[in-house]
Amino acid sequence: MPQQPAANPLGEPFIELPSVDSTNNYALSRVHAGLAQHGTAFFAHEQLAGKGQRGRLWKSNKDANIILSVVLDPAILSIQQQFHLSACTAVAVQEFFSSLAGEETRIKWPNDLYWQDRKAGGILIENSVKANRSDERKSQGADNNPTSSGQDPAPGWKWAIVGIGININQDQFSNDLPNPVSLRQITGKKYDPISLAKDLCVVLQQKLTLLGQKGFDPIYQEYLRHLYKINQLIRLKKDNRSFEALLKSVSPSGRLVVEHGLEESFEWGEVEWVVR
């Protein structure tokens, strides 16, 4: 695997935004305008229309949490290896949070941050993909394959916007969130979200360096080691059918591997993990 090209470390520059609709939207607009480069991090004190997975809103109190988007040049990866970046980010977030909250911190497939059975954060990676000189488009999701017109067999992965939201000081949440938790609720301490966001950039840089130097396997093994509910029963929903299955693994390509009478695997988006 080629080495990461020389570039700014992640988090340099670190740009604070008083208020923004979505840090991912803002970061991508800066990239397209030529005003952001690899390593640029955008931190929002307030996010008015934050995006979560499956088109959900990511709600966050002002000045309470980490709301961060980091611009990456994914040159070390091919367009088929988007899960490698997703897993790398998830492993970095798990390591960062567990250093403060303890070893009960887990990664819920594909890349949610869980402490015990409660959600502490999430990741949304959005990609800018260039298929040819005149066609640049965006793929939305944690590790989704980019949309394809069927005309471009080998599109290029231009940019990745890594959006990370982590509950830090918030102690009251919307009733429509089934199982939220914050770092303050876990530890009883209050934190500086800006300082923590900068620390998180350092950990993410370390994991990306590991990915570039050693390949995906060390990241993948760490991802499996911290996988939430591995070897336990979980409930999934596919179309109108809900069923229990044993979570056996996640494949190197990011497919959820389960067993319910027979072994089956699912891409992200094919099934919904039902939180109980």
*Tyr114 vs Tyr228 aromatic rings, parallel, tilted or perpendicular, using cut-offs 30° and 60°?*
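Correct class here is tilted.
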Hey, are [Y] and [X] close enough side-chain-wise for a donor-acceptor pair under 3.5 Å?
| X | Y | result |
| --- | --- | --- |
| Glu126 | Asn24 | yes |
| Ser174 | Asp176 | yes |
| Arg235 | Ser242 | yes |
| Tyr223 | Asn111 | no |

Can you check whether [X] reaches [Y] side chain to side chain, under 4.5 Å on heavy atoms?
| X | Y | answer |
| --- | --- | --- |
| Val258 | Ser265 | no |
| Phe96 | Ile164 | no |
| Ser253 | Gln81 | no |
| Lys62 | Gln47 | no |

_Using a 6.0 Å distance limit plus a 45 degree cone around the ring axis, check whether Lys237 lies over the aromatic ring of Phe243._
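Relative to the ring axis of Phe243, which defines the angle, Lys237 lies outside at least one limit.
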*With Ser69, which of Ile125, Val20, Leu17, Thr23 fulfils side-chain contact (heavy atoms from CB on, under 4.5 Å)?*
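Going through the options one by one, the only one that passes is Thr23.
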_Take a 6.0 Å sphere around CD of Gln232 and say whether it holds more than 12 heavy atoms from other residues, nucleotides or ligands._
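Counting other residues, nucleotides and ligands, CD of Gln232 exceeds 12 neighbours.
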Using atom types as modelled and distance alone, determine if a side-chain donor or acceptor of [X] lies under 3.5 Å from a backbone N or O of [Y].
| X | Y | value |
| --- | --- | --- |
| Thr187 | Lys189 | yes |
| Asn127 | Val129 | no |
| Trp109 | Trp268 | no |

_Results of ring-ring contact (aromatic ring centres under 6.0 Å, His included) for Phe42 - residues two or more places apart only_ =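 Once residues adjacent in sequence are excluded, the partners of Phe42 under the ring-ring contact (aromatic ring centres under 6.0 Å, His included) criterion are Tyr26.
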_Rounded distance (nearest 0.5 Å) linking atom CD of Glu263 with atom CG of Leu246_ =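 Reported to 0.5 Å precision, the distance equals 9.5 Å.
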*Going from NE2 on His226 to CD on Gln221, what distance comes out if it is rounded to the nearest 0.5 angstrom?*
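Answer for the NE2-CD pair, His226 versus Gln221, is 11.5 Å.
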*Please walk me through it: do Asp73 and Lys158 pass salt bridge (Lys or Arg N to Asp or Glu O under 4.0 Å)?*
CA-CA 7 Å; Asp73 175 359; Lys158 295 293 292 181; over 6 Å; no
